[in-house]
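The structure appears right after this line, and notes come after that.
Worth knowing before you read on, the calculation uses all heavy atoms, side chains too, and leaves out hydrogens, waters and symmetry mates. Keep in mind that what you see is a predicted model, and the values were worked out from it rather than measured.
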2 protein chains.
Amino acid sequence: MPQTGTALRGSDAHPTKIRILDAAEELFAARGYHGVSIREITQMADVEVALAHYHFGSKEELFRHVVTRRIDEHCNRLLAELDRAQAAAPNGVAPVEDIVRAFCRFSFAKTSSADAGWKRYLQLLARTSQLPMYEPVLAPINRPYGVIIVRYTEALRAALPTIQPGNLATAFYMLQGIVSRLLADTEMLERQSHGLCPAADFASHLERLVPFVAAGFYALAGQPELSGARNGNGLETESAA
Amino acid sequence: MPQTGTALRGSDAHPTKIRILDAAEELFAARGYHGVSIREITQMADVEVALAHYHFGSKEELFRHVVTRRIDEHCNRLLAELDRAQAAAPNGVAPVEDIVRAFCRFSFAKTSSADAGWKRYLQLLARTSQLPMYEPVLAPINRPYGVIIVRYTEALRAALPTIQPGNLATAFYMLQGIVSRLLADTEMLERQSHGLCPAADFASHLERLVPFVAAGFYALAGQPELSGARNGNGLETESAA
DNA sequence: GTCTATAATGAGATAGAC
DNA sequence: GTCTATCTCATTATAGAC
């Protein structure tokens with residue numbers, strides 16, 4: 001009988017295509033795109049090298065597939081969390097704290113869950129998002145993620161009617177930097193805190209992140225927009241003796 | 001006459017060793033350790049491939065030299081800025097705002113100055129510090145940087161006597177995440193703000209970062225230490241319909 | 001869909017003349 | 001210190017049998 005769809009192989013839990021994607025996800029997250037070879041990936045997946053090319057064509061295409069496999073669910077959940085926060089607010093305007101929490105909830109939950117695949121995918125995004133990768137690879141990430149930025153920015157503006165646009169964009173960007181670093185998880189926080197803040201304890205991270213970031217937003221909401229001309233505001237270090 | 005030290009070549013502005021280091025710094029910052037070949041580096045430096053091996057031995061050694069070339073001055077300046085902030089305080093206890101500013105000043109100034117070398121070095125650190133690199137390469141970075149963490153943590157604790165150790169470590173870690181992302185500079189902020197926050201305008205970044213982060217520190221200073229047992233605090237997403 | 005075999009290229013590193 | 005030439009190995013990718 002001709003099997004038209006992807007079929008499970010007799011003995012293995014997952015079909016070849018999935019095994020390659022899983023291995024690629026793990027290795028790309030650990031060492032980046034250039035730091036991993038297809039041979040390593042197929043070796044970890046326990047399949048022949050040629051199968052990676054058969055299923056995905058090229059290494060670049062494989063990387064794209066690793067990202068696009070989860071990006072839609074990821075973005076949908078980020079939006080769903082925001083919707084939930086706004087629905088819980090009486091007038092539809094969620095407070096900053098709830099918006100910040102909504103932005104973290106799904107990622108933190110997946111990273112601290114038993115689902116190693118999601119954890120590695122989020123690590124991969126967090127670690128590579130700070131590198132300027134070629135557009136063909138980065139485009140499938142940036143396109144859906146752009147919607148998230150817009151929706152959250154709107155929600156934050158509604159929660160902070162007095163905030164200036166530049167302050168809002170920068171504050172949200174700082175939130176993203178914090179979340180990204182927590183998801184990248186190089187155990188730096190655990191080392192710096194001498195074990196007091198375990199890298200995997202995302203419930204604690206969230207309980208600290210929310211008041212920290214919310215207070216930051218409120219502080220910037222009370223600040224006027226910066227003027228274009230600034231002199232002597234603390235960035236010159238060369239002239240001083 | 002025998003020239004014992006490194007000598008300038010007749011026509012070029014810099015000696016070979018420096019040219020290789022400069023090219024390596026730029027390329028490693030742009031694409032990471034694995035994304036660059038020695039041949040690319042020597043080509044950009046306009047020297048023969050063999051010279052990279054003559055001067056530095058191996059690619060890994062070359063990368064180490066790129067980092068260690070500036071790490072001491074970098075760390076000394078970070079400490080000097082902190083000393084300056086503490087000296088300016090009447091009782092030697094600098095306020096949080098000044099400590100945060102001290103932590104950013106040197107890096108921000110160098111990145112927005114005309115010195116492209118420092119900008120790339122800081123980019124390299126910011127971009128690779130989120131990747132779990134092998135110890136032999138990362139050790140020369142982490143050793144001197146560890147002193148910075150300790151000194152700044154002590155200063156922050158003095159400024160915030162009521163803050164709990166876990167909250168302090170996490171807040172400082174969040175500050176590092178923000179600074180790191182700003183230095184990595186993939187122009188994400190500029191895109192998200194529709195050009196309102198130019199990536200290179202670090203004076204504005206600092207004016208927004210300081211009140212944001214300081215408010216976050218104050219918020220966490222008023223929070224009790226987290227208890228070990230936490231249930232149902234907002235990280236479960238699977239069960240809900 | 002899976003395997004073996006191989007093509008074609010680029011990598012890090014070294015030897016030895018100058 | 002610098003250059004040419006080369007060694008050795010790993011890489012991506014493909015062709016073709018099963």
Tell me the interatomic distance from B:Ile18, atom CD1, to D:dG1, atom P, rounded to whole angstroms. 12 Å
Does D:dT2 have OP1 or OP2 sitting under 4.0 Å from an N or O in the side chain of B:Thr16? yes
Side chain to side chain donor-acceptor pair (under 3.5 Å) partners of B:Asp22, counting only residues at least two apart: B:Arg69
Suppose we screen for side chain to side chain contact (heavy atoms under 4.5 Å, CB included). Which residues come up paired with A:Ser180, at least two apart in sequence or across chains? A:Ala126, A:Ser129, B:Gln130, B:Arg181
Report the distance from atom CD of A:Glu48 to atom P of D:dA13, rounded to the nearest whole Å. 17 Å
Member of A:Arg70, A:Arg120, A:Lys119 meeting the side-chain hydrogen bond (donor to acceptor under 3.5 Å, both in side chains) criterion with A:Glu25: A:Arg70
Taking atom P of D:dT11 as reference, at what distance in whole Å does atom CZ of A:Phe63 sit? 18 Å
So which pairs with a foot in residues 170-190 of chain B pass ring-ring contact (aromatic ring centres under 6.0 Å, His included), sequence neighbours left out? B:Phe103-B:Phe172
Applying side chain to side chain contact (heavy atoms under 4.5 Å, CB included) to B:Glu61 and not counting sequence neighbours gives B:Ser58, B:Arg64, B:His65
Under 4.0 Å from OP1 or OP2 of C:dT2: is there any side-chain N or O of A:His55 that close? yes
Rounding to a whole Å, what distance do you find between B:Ile41:CD1 and C:dA11:C1'? 12 Å
Residues which pass side chain to side chain donor-acceptor pair (under 3.5 Å) with A:Gln176, listed by chain and number, not counting sequence neighbours: B:Gln192
Let me have a per-nucleotide readout for nucleotides 12-18 of chain C, 5' to 3', with B, S or -, counting only protein heavy atoms under 4.0 Å. BBB----
Between CD1 of B:Ile20 and C1' of D:dT2 the distance, given in whole Å, is 11 Å
